[in-house]
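So the structure is just underneath, and the comments pick up after that.
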Amino acid sequence: MERPPGRTVVAVEGGTVVGSAKMGPNRPGRGAHIGTASFLVDPACQGKGVGRALGEYVIDWSRAEGFHGITFNAVVETNGPAVHLWKSLGFEVIGTVPEAFDHPEHGLVGLHVMYHRL
C-alpha cells in the first residue's frame, strides 16, 4: 500500500479484485513533482482493459494532484503488451538500460524508462 501523498487503488469485477495500482511521487523532496506508478493485473484478466483503466486512472489522478509528469523506471522491453499500452496512453521510451532484467524465457533483456508529460 502506498502511503500519502500517494494512493493505492484496486480494480474489481464481480466482487473479485482483478488488478491494482499504486501511485505517488517518483522521488521525495525536489523530485516530488514527477509521479510514478506500479501495476498488477490478474493474468486471467489480461487483455480485457483492466490495465488500461488503471493507467487512465493514474494519469487523471496524477494530473489532478499537480504532478508535471509520470515516469516508469522499469518497463521490461520484451513485455510488448505493456509497452504498447503505455505508448497508446502518451508515454514514450526515453531510455533503455541494457540487460537490466533477467527474464525467465528471454534471458537478459533491457528495462525501458518511460515518461509522460502532463
Hey, could you give me the NZ/OG1 distance between K22 and T36, rounded to the nearest 0.5 Å? 9.0 Å
Would a distance-only check, ignoring hydrogens and angles, find a side-chain to backbone donor-acceptor pair under 3.5 Å from H116 to G90? yes
Under 4.5 Å between any side-chain heavy atoms of M23 and V9, yes or no? yes
Report the C-alpha distance between F39 and V50 in whole Å, list the side-chain angles of each, state the deciding distance to 0.1 Å, and finish with yes or no for side chain to side chain contact (heavy atoms under 4.5 Å, CB included). CA-CA 10 Å; F39 302 85; V50 176; over 6 Å; no
Here the pair of heavy atoms bringing L54 nearest to G19 is CD1-C, 4.0 Å
T71 side chain vs M114 backbone, donor-acceptor pair below 3.5 Å: yes
Could you check V41 against V18 for side chain to side chain contact (heavy atoms under 4.5 Å, CB included), going step by step and ending with a plain yes or no? CA-CA 6 Å; V41 174; V18 295; over 6 Å; no
Applying side-chain contact (heavy atoms from CB on, under 4.5 Å) to R52 and not counting sequence neighbours gives E56, L85, S88, L89
In this structure, NE2 of H33 is separated from OG of S62 (nearest 0.5 Å) by 13.0 Å
Which heavy atom of I59 sits nearest a heavy atom of F91, and at what distance? CD1-CE1, 4.0 Å
Between L111 and V75, does a side chain to side chain contact (heavy atoms under 4.5 Å, CB included) hold up when you go through it step by step? CA-CA 5 Å; L111 287 177; V75 180; over 6 Å; no
Under a single-linkage rule joining Ile, Leu, Val, Met, Phe, Trp and Tyr whose side-chain heavy atoms are separated by less than 4.5 Å, which residues share a cluster with V12? V10, V17
Applying side-chain contact (heavy atoms from CB on, under 4.5 Å), can you list everything that pairs with N79, at least two apart in sequence or on another chain? V76, P81, A82
For T96, side chain to side chain donor-acceptor pair (under 3.5 Å) partners two or more places apart: H112
Quick check: do V93 and V113 have side-chain heavy atoms less than 4.5 Å from each other? no
Going by side-chain contact (heavy atoms from CB on, under 4.5 Å), name the residues that satisfy it together with A32, two or more places apart in sequence or in a different chain. P25
Examine distances only and state if a side-chain atom of E92 and a backbone atom of Y115 form a donor-acceptor pair shorter than 3.5 Å. no
Can you tell me how far the CH2 atom of W61 sits from the CD1 atom of I70, to the nearest 0.5 Å? 9.0 Å
Are W86 and I34 connected into the same hydrophobic cluster when the rule is that any two of I, L, V, M, F, W, Y join if their side-chain heavy atoms are below 4.5 Å apart? no
Quick one: does T78's side chain get under 4.5 Å of H103's, heavy atoms only? yes
When rounded to the nearest 0.5 angstrom, what is the spacing between CD in E65 and CG in L118? 11.5 Å
Are any of the side-chain heavy atoms of D60 and Y57 separated by less than 4.5 Å? no
With sequence neighbours excluded, what pairs up with T16 under the side chain to side chain donor-acceptor pair (under 3.5 Å) test? none
